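First up is the structure itself, then whatever we jot down about it.
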Amino acid sequence: MTSLQDLHDPTKTCISLVARDHSDLQQDNAEYPDYTPFSSRDIPGGYDLRLKAYREAWKTCCDRIQSIVRALNAPLVSTVVSHIRNAYSKDSSLPNLPYPELPVVALSAPGGHATILSDVIDILHESGQDRAGGTSKGKERAQDATLIDSMNNSRAIVTHLHPSECPNLLGLMKALVCGFVEEQDASGQNGDEGITAPAATKRKATASLANYDIRLLVAWYTALLELRDPGPQLVVVLHDFERFNVAALQDMFYICSQHISRLPLVFLLELSSPANPSYLHTAFSRSTLALLRISTVAAPSGVEVVREIVQKTFFDVGFEPDVMLGPATLDFLIDYSTRHSASVDGVLNIIQLAFLKHFDEPFSLFVHDTYLGTRSKKDACGKLQRPESFNFLDSLLTRIWHDCENLPGGILKPEIDWRNPSVSDVLDLVFSAHTESKQRAQRMKLGFQVMLLVQDFMRSEGYKSTSSGKDEDRLEFLTGVVRGRVSKDVRYLGMAVKKLTAKELDNLISILYQFFQSLKPHLRRDEEPARVRIVAANMQLPREALDEEEPDEQTEFPKIHPAVPPIAADIGEWLVEYLESRIVRLDQGLLWDVWNTGMTPFPSELLNPAPGQSIVNALLHPYDFVESQQVLTSSGGLASDEEINGESKKPQRRLINVFDWYESFSLALEMQRRHLRKQTRRTQRKRTASASPRKGKGKARKPAADTEDEEEDFDSKEEEEKWKVEVQARFIRALHELDFMGFIKHTNRKADHVIKTTYDIPD
């Protein structure tokens, strides 16, 4: 009964209807087999093993991306918190204003707000003692120590408003007032902020202020000041700000502006639109904007953020992802970011879909270990020797034989007879392939980082480069690095290094030395020859050459010491040799595609860059999108009630009469009902004719022009009433769904009319 009661609760946005008998659900699910595209060569239990491996690999990658995003948003978070904390300081407000302004912080983050808002609210909720002690969460998310020290004595109470809870001014004010007054523990402690608040008392409905009256909030805050002075700020977070009713928001801002002297309200707006042009200045009137003191903060977005995420996740020597992105996924990611949306959410979706697609392959269960879900190598060998694992082992051996024959450097383990290996040898080869794949990717990332350092240095010194240094070019450069097609850029870079002067060469050597010194110990040991070469070049560079270089009076170029060109040429040749040996293709080696997505086509059909236009197209062109639903259209296709309603309102004007719309909808359903009955009668006649064939010869009687098809069905009065109720219910449901999706809206001018919000057909 709980679910049925929730149906009548206007505050519930989603309820769960649990079936009483689960046997029906199991029977329905049995009709749809499990998703096993490679079942012919999969191992028993391989789906669960791959799913476990996917979760572990994706969690590692997602945590890395979130840490990068938090590092990018750290200055923004500090700015937002600073605006909130200093909203009522003397330096923030202008003197001699005719009326006080209501502080508003507009956070524009087209790429996603979740991480930014969570960091801001975490800092606002942290107590002064926690911040002074330096909790692990605070250390990670609040990196500005000076800002934290200034916040130690300031506090804030935060409440959240959502569009679904605030359809009008009454709901908006009720959510605002109750969000502060009623969200507290019975002991008088605010659970989130840890701030002492007035104890909750039972109020009489006849002797108390209404729960939507702002004077109730004023009285509550006045009682709070008696317990703690100075009182905390009241922060109101408006989620999905563009979805709120503009008229209700304007009235709310006006009401709150009348009580600024008694309520330190600060509004934090979550905007999905870009900062310029501003949604506030477009949607709100000038009289409302005059009441607000708006501080606009724009989150970093665009191709720069995408490049930073991809580069620091898959091309950073300090992080090793379990699966490396291949050229096909990188190409799609670049195309999607430059053409559609360069957002953090888009990057996360693309990488996650690439990981899901990658773990369809049965061999991907070797991503983390070679034990096949067992505890030891002996158990893994026993699992492979079972008869049901023969297909998997056969395909694995076939792949090993193919790769070993084509390996340029020979077999990874010469002591193993790869033409006739044992099961234990197969697992050893897989482990060696995993180690080699990680080392190859690490060498590639080292070469890429060195090349990036040299390119940035040469560009800062005024030298030309093969790339412009823009984020779009750097993203495309990543695909060339993965494919190993950067020899032209490497040689051009070596030629430019040969032209460096003594001072420039000294600075370059210093940058490279610091880079190799900052590597992890095991990487620093592997790169010992490169470090020795750099130190030797630094010792060969004459110190007097740094002081003798002065601009020539005739050419205005510095005089180059005769000992510098040979050293620069030596460094340039070494750099070309080093980069060409490091930046190689990753699609080589034994079982390389287990740890690399390679050239696997990206499942672009699962990612829709324009869902809004697709929904409108589906409603306006149902025959192109839907082939089997539950209601027949007049042309013989099948469409849903929402599509029938969408077709019915197309010829209408801006205002649509609901009664006329209902008549059109019911007429369409009635025609389809008759069509269904005709089809049913024809099917029954065919079955009857096939079950009792006529014997004997003679002319067959020609049917009389489908007289039965032309017969009218007369329903009983009870059936007719049921049909009318069903049509009304289906119309109301379709109408509400169109309203929920935003294609129509109600008007106060005419109760029996609705307003269309879409007019053109976006082909």
Side-chain angles (χ1 to χ4, degrees), residues 55-85 105-127 130-152 156 158 160 192 235 237 239-240 268-272 274-275 295-322 325 333 337 341-352 355 471 474-475 518:
R55 288 172 177 169
E56 185 177 348
W58 172 242
K59 183 180 183 303
T60 303
C61 182
C62 186
D63 292 343
R64 174 67 175 183
I65 294 176
Q66 288 180 350
S67 64
I68 295 171
V69 173
R70 281 200 168 92
L72 292 173
N73 293 333
L76 175 71
V77 171
S78 300
T79 303
V80 173
V81 174
S82 178
H83 282 309
I84 293 175
R85 296 297 188 187
V105 181
L107 174 59
S108 176
H113 318 78
T115 305
I116 303 175
L117 281 179
S118 63
D119 293 347
V120 170
I121 293 171
D122 284 342
I123 295 178
L124 293 177
H125 281 179
E126 285 175 354
S127 63
D130 292 339
R131 285 193 298 269
T135 60
S136 59
K137 197 173 186 180
K139 287 181 180 179
E140 292 177 358
R141 299 187 178 180
Q143 300 179 357
D144 194 347
T146 57
L147 178 63
I148 294 176
D149 293 337
S150 64
M151 297 177 189
N152 284 340
V158 183
H160 302 265
D192 292 335
V235 181
V237 182
H239 297 269
D240 297 331
L268 177 58
L269 314 182
E270 178 189 292
L271 295 170
S272 301
S295 302
T296 304
V297 182
S301 61
V303 183
E304 178 184 358
V305 176
V306 177
R307 178 194 60 80
E308 192 78 9
I309 292 174
V310 175
Q311 184 173 315
K312 289 188 176 181
T313 303
F314 298 98
F315 295 88
D316 192 351
V317 294
F319 178 73
E320 295 184 4
D322 296 319
L325 293 186
L333 178 60
S337 301
S341 173
S343 62
V344 177
D345 294 339
V347 175
L348 283 171
N349 291 334
I350 291 173
I351 297 176
Q352 187 174 14
F355 273 45
D471 297 301
R474 285 198 173 186
L475 268 178
S518 63

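Quick caveat, the model's predicted, so the values are computed rather than measured.
Proximity of Lys312 to Ile68: side-chain heavy atoms (C-beta onward) are separated by under 4.5 Å at one or more points. For the pair Gln352/Leu348, no side-chain contact is recorded, criterion being any heavy-atom separation below 4.5 Å from C-beta on. Side-chain contact between Leu271 and Leu107 is absent, with no heavy-atom pair separated by less than 4.5 Å. When side chains are defined from C-beta on, His239 counts as touching Leu117, because their heavy atoms get closer than 4.5 Å. The side-chain heavy atoms of Leu325 and Phe355, taken from C-beta on, include a pair separated by under 4.5 Å. Contact check for Pro300 versus Asn73: side-chain heavy atoms found under the 4.5 Å cut-off. A 4.5 Å side-chain heavy-atom check between Lys59 and Glu56 finds every atom pair outside the cut-off. Taking 4.5 Å as the limit, some side-chain heavy atom of Cys61 sits within range of a side-chain heavy atom of Ile351.
Asp316 is linked by a side chain to side chain donor-acceptor pair (under 3.5 Å) to Arg64, counting only residues two or more places apart in sequence or in another chain.
The CD1 atom of Ile309 sits 6.5 Å away from the CD1 atom of Ile65 when rounded to the nearest 0.5 Å. One distance of note links OG1 of Thr313 with CD of Glu308; it measures 9.5 Å at 0.5 Å rounding. Atom CD1 of Ile121 is separated from atom CD1 of Ile116 by 11.5 Å, given to the nearest 0.5 angstrom. Here the CG-OG distance, from Leu269 to Ser108, works out to 11.0 Å after rounding to the nearest 0.5 Å. The distance from the CZ atom of Phe319 to the OG atom of Ser67 is 8.0 Å, given to the nearest 0.5 Å. Asn349 contributes atom CG, which lies 11.0 Å from atom CG of Leu333 (distance to the nearest 0.5 angstrom).
Smallest separation of non-hydrogen atoms from His83 and Val297: CD2-CG2, 3.8 Å. Residues Arg70 and Ser118 share a closest heavy-atom pair of NH2-OG, 4.1 Å. The minimum heavy-atom distance between Ser337 and Ala342, with the atom names listed, is O-CB, 3.4 Å.
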*Can you check side chain to side chain contact (heavy atoms under 4.5 Å, CB included) on Arg85 and Leu124, steps first, answer last?*
CA-CA 9 Å; Arg85 296 297 188 187; Leu124 293 177; 3.6 Å; yes
